[in-house]
There are 2 protein chains.
Amino acid sequence: MEPAATVLDLNQLRRSCSSCALYELCLPAGIGGDDLDRLDATVKDKRTLERGAMLYRENDTFEALYVVRSGALKTFVQNEAGDMQILAFHLPGEILGFDALATNLHVSQAEALERSSICELPYAKLQQVTSEVPALHRQLMRVISREVVEEHRHLVMMGKQQAQEQLASFLHGLADRYQRLHRDGTALNLPMSRYDIANYLGLVVETVSRLFSRMEEMGVLEVNRKSVRILRPDLLAALCRTDTVSRRNDVG
Amino acid sequence: MEPAATVLDLNQLRRSCSSCALYELCLPAGIGGDDLDRLDATVKDKRTLERGAMLYRENDTFEALYVVRSGALKTFVQNEAGDMQILAFHLPGEILGFDALATNLHVSQAEALERSSICELPYAKLQQVTSEVPALHRQLMRVISREVVEEHRHLVMMGKQQAQEQLASFLHGLADRYQRLHRDGTALNLPMSRYDIANYLGLVVETVSRLFSRMEEMGVLEVNRKSVRILRPDLLAALCRTDTVSRRNDVG
DNA sequence: GCGGCCAGTTGACGGAAGTCAACGGGCTGC
DNA sequence: GCAGCCCGTTGACTTCCGTCAACTGGCCGC
């Protein structure tokens, strides 16, 4: 046990998945021992992104999948006219980059909402490991599937006819994700702007702003810029659905 | 070459991927020769679903992935109250069932919109083959990724602020998919109801109906119940975007 | 500290789309 | 063939949310 080796071990350990505080949330879940070590080896040194920095852009060649270690990102697409549609917000432990698997080119863009730390999983190396470790292959499929299910949630949110239901569902879902990160699920610190929230939900920023104010008046929230405290989780949950029976959404 | 064997061969051939008219559209794309044969062997006999029949329901255990051979299906989720949100329409050559990969339980439902023929790919067998054929593994990942990208398109559609843009985009995208199937992309025969279209886009059925009428008046479409003829593809494409610059979607 | 800028909020207004209602016309089953 | 049902369309009305505008307060750079 010479000191130098110990230091090296610590450094490697620090950046390895097995010691990652979020490790049960991301790829290795369900993988143990040797297999985890092999996965560790494929993780490139982590990157840090400043607020506003791009992780990847449209048409970038597919190099790697990325796991958020800390901070938050948004992914979005833009059309020729420059119109943006936000696809997702990514919190620590969440993976992004799957959009490029189909064509080997990214078809969306990823931007840091705040100073963020990112794990990079070079796909070539990842592919090599998955071919040797069937468990990782299955796990990777599961992770993509979760991505699909997450997008379903987004679609359901956007399908709601009342803007208030949409925002309530958004906050409710965010609180859930915070709790999964062992954070306080009632004291949200929103990394995204009102503008981003509006775009994500298919609304305009004024509507979102008014809804925050209205929900504050109702005693559901306490809003202070980016900081949102959920005073009445029960009421928030109730606001996620309309009381009146909707004609559109009933089963035919 | 005794007659009986020939008949058997023909039958097997008929239901095999290598002779499937849609084969370049679905899983085997990019796979050849021996590998294709092995994939053929994993495909279970095809199923036929009548209009309204369910392919799978929520909480069904994950058995297989499914490829549409003919007909059309919709996938959707329902909440406790029975509210429905349609997630996708599936045309021939398209795969469904990926939602269950994460939990081994389906979290959505699939229903035939008309008499449909389905290829069943039992996942256990598929997994065995993918572990032996790396190319298929990569192909499968690509297909799921395409699913993700397809959902992005749905999100962009729902994010549009004008209902007319939404419907125009929907029809435009449908025309594209018809052409990929070597069908006439200007003579659509909609397998889904107005109700389904409305739900898919987050609108109500009256709005969709009015928009069809309006677009007919504009000379863009000729509508006759389920049959929609696109008279002016150029105008339809133009209707997919608003002329006026939208504040919400501009890049900040 | 000060100025400017941008994010966010609020108000007034109008219009697009949702709601409610009536009706027509296929399709199905008897 | 006829009845009944459901799908789709259309009209009248209402309302929610998008638009435009003004204003405030944080934040950053100078």
Side-chain angles (χ1 to χ4, degrees), chain A residues 50-52 74 83-84 113-115 158-168 189-217 221-228 239 242-252, chain B residues 50-52 74 83-84 113-115 157-168 170 189-217 221-228 239 242-252:
Chain A
E50 295 302 319
R51 176 192 151 96
K74 67 175 172 187
D83 296 344
M84 171 176 78
L113 293 168
E114 58 189 28
R115 176 181 260 265
M158 287 190 104
K160 291 178 188 289
Q161 64 279 51
Q162 303 281 350
Q164 185 172 270
E165 289 177 65
Q166 295 186 56
L167 185 61
N189 216 308
L190 307 179
M192 71 292 285
S193 68
R194 298 284 190 273
Y195 180 95
D196 285 337
I197 297 174
N199 182 285
Y200 180 79
L201 295 173
L203 303 170
V204 292
V205 66
E206 293 95 328
T207 301
V208 170
S209 185
R210 269 185 256 273
L211 287 171
F212 270 119
S213 303
R214 193 201 295 177
M215 288 165 92
E216 198 166 20
E217 279 170 36
L221 305 177
E222 188 182 286
V223 183
N224 203 310
R225 290 185 68 80
K226 302 274 189 188
S227 143
V228 173
L239 290 181
T242 327
D243 297 314
T244 62
V245 177
S246 142
R247 293 164 67 208
R248 188 184 90 246
N249 288 329
D250 280 2
V251 176
Chain B
E50 296 301 320
R51 176 191 152 97
K74 66 176 172 188
D83 295 345
M84 171 175 79
L113 293 168
E114 58 189 26
R115 177 181 260 264
M157 242 182 261
M158 287 190 103
K160 291 178 188 290
Q161 63 280 51
Q162 303 281 352
Q164 186 172 270
E165 289 177 66
Q166 295 186 57
L167 185 61
F170 174 71
N189 216 309
L190 307 179
M192 71 291 286
S193 68
R194 298 285 190 272
Y195 180 95
D196 286 337
I197 297 173
N199 182 286
Y200 180 79
L201 294 174
L203 303 170
V204 292
V205 65
E206 293 94 327
T207 302
V208 170
S209 185
R210 271 185 254 273
L211 286 171
F212 270 119
S213 302
R214 194 201 294 176
M215 289 165 90
E216 197 166 20
E217 279 169 36
L221 304 177
E222 188 182 285
V223 183
N224 203 310
R225 290 186 67 80
K226 302 273 188 187
S227 144
V228 174
L239 291 180
T242 326
D243 298 314
T244 62
V245 177
S246 141
R247 292 164 67 208
R248 189 183 89 249
N249 288 328
D250 279 1
V251 176

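If you run side chain to side chain contact (heavy atoms under 4.5 Å, CB included) between B:Leu203 and each of B:Arg210, B:Gln166, B:Met158, only B:Gln166 comes through.
Applying the 4.0 Å criterion to OP1 and OP2 of C:dA17, one finds that B:Gln164 has every side-chain N and O outside that range. Applying the 4.0 Å criterion to OP1 and OP2 of D:dT9, one finds that B:Arg194 has a side-chain N or O inside that range. An OP1 or OP2 oxygen of D:dC7 is reached within less than 4.0 angstrom by no side-chain nitrogen or oxygen of B:Lys226. The side chain of A:Gln161 places no N or O atom within less than 4.0 Å of a non-bridging phosphate oxygen (OP1 or OP2) of D:dC17. A close approach under 4.0 Å does occur between a side-chain nitrogen or oxygen of B:Ser209 and OP1 or OP2 of D:dT9.
A:Leu167 places its CG atom 13 Å from the P atom of C:dG8, with the value rounded to the nearest Å. Atom CG in A:Leu203 sits about 14 Å away from atom C1' in D:dT19, given to the nearest Å. Whole-Å rounding puts the A:Leu211 CG to C:dG8 P distance at 15 Å. The interatomic distance linking B:Tyr195 (OH) with D:dT9 (P) rounds to 16 Å, in whole Å. Whole-Å rounding puts the B:Asn224 CG to C:dG25 P distance at 13 Å. Here the C1' atom of nucleotide C:dA16 and the NZ atom of B:Lys160 are 17 Å apart, to the nearest Å. Residue A:Met192 contributes atom CE, which lies 16 Å from atom P of C:dA7 at whole-angstrom precision. The CD atom of B:Glu165 sits 9 Å away from the P atom of C:dA17 (whole-angstrom rounding).
By the side chain to side chain contact (heavy atoms under 4.5 Å, CB included) test, B:Arg194 pairs with B:Leu190, B:Val205, B:Val208, B:Phe212, B:Val223, sequence neighbours left out. Qualifying side chain to side chain contact (heavy atoms under 4.5 Å, CB included) partners for B:Ser193, counting only residues two or more places apart in sequence or in other chains: B:Tyr195, B:Asp196, B:Lys226. Shown here are the side-chain hydrogen bond (donor to acceptor under 3.5 Å, both in side chains) partners of A:Glu50, two or more places apart in sequence or in another chain: A:Arg115. For A:Arg225, there are no side-chain hydrogen bond (donor to acceptor under 3.5 Å, both in side chains) partners two or more places apart in sequence or in a different chain. Under the rule for a side chain to side chain contact (heavy atoms under 4.5 Å, CB included), B:Arg51 has no partner lying at least two apart in sequence or in another chain.
One axis for each end of the helix from C:dG1-D:dC30 to C:dC30-D:dG1, each built from five base pairs, and the angle between them comes to 60° at 10° resolution.
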All N/O pairs under 3.5 Å across the protein-nucleotides 12-15 of chain C interface:
from: C:dA12; atom 1: N6; to: A:Arg210; atom 2: NH2; distance (Å): 3.4

Nucleotide N/O of nucleotides 28-30 of chain D paired with protein N/O under 3.5 Å:
none

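Between the side chain of A:Glu206 and the base of D:dC17, no donor-acceptor pair of N or O atoms lies under 3.5 Å.
Distance CG/A:Leu167 to CG/A:Leu221: 7.5 Å, rounded to 0.5 Å. Of the inter-residue distances, the one linking B:Lys74 atom NZ with B:Asn199 atom CG reads 7.5 Å to the nearest 0.5 angstrom. Taking CZ from B:Arg214 and CG from B:Leu239, the interatomic distance works out to 9.5 Å, rounded to the nearest 0.5 Å.
When every heavy atom of B:Thr207 is checked against every heavy atom of B:Ala163, the shortest pair comes out as CG2-CB, 4.0 Å. The shortest non-hydrogen separation linking B:Ile197 to B:Met192 is CG1-CG, 3.5 Å.
Closest to the A:Val223 side chain, of the nucleotides C:dT9, C:dG8, D:dT9, is C:dT9. For A:Arg214, counting side-chain heavy atoms from C-beta on, the closest listed nucleotide (D:dC17, D:dG26, C:dG18) is D:dC17. Listed nucleotides: D:dC16, C:dA17, D:dG18. Nearest to the side chain of B:Gln162: C:dA17.
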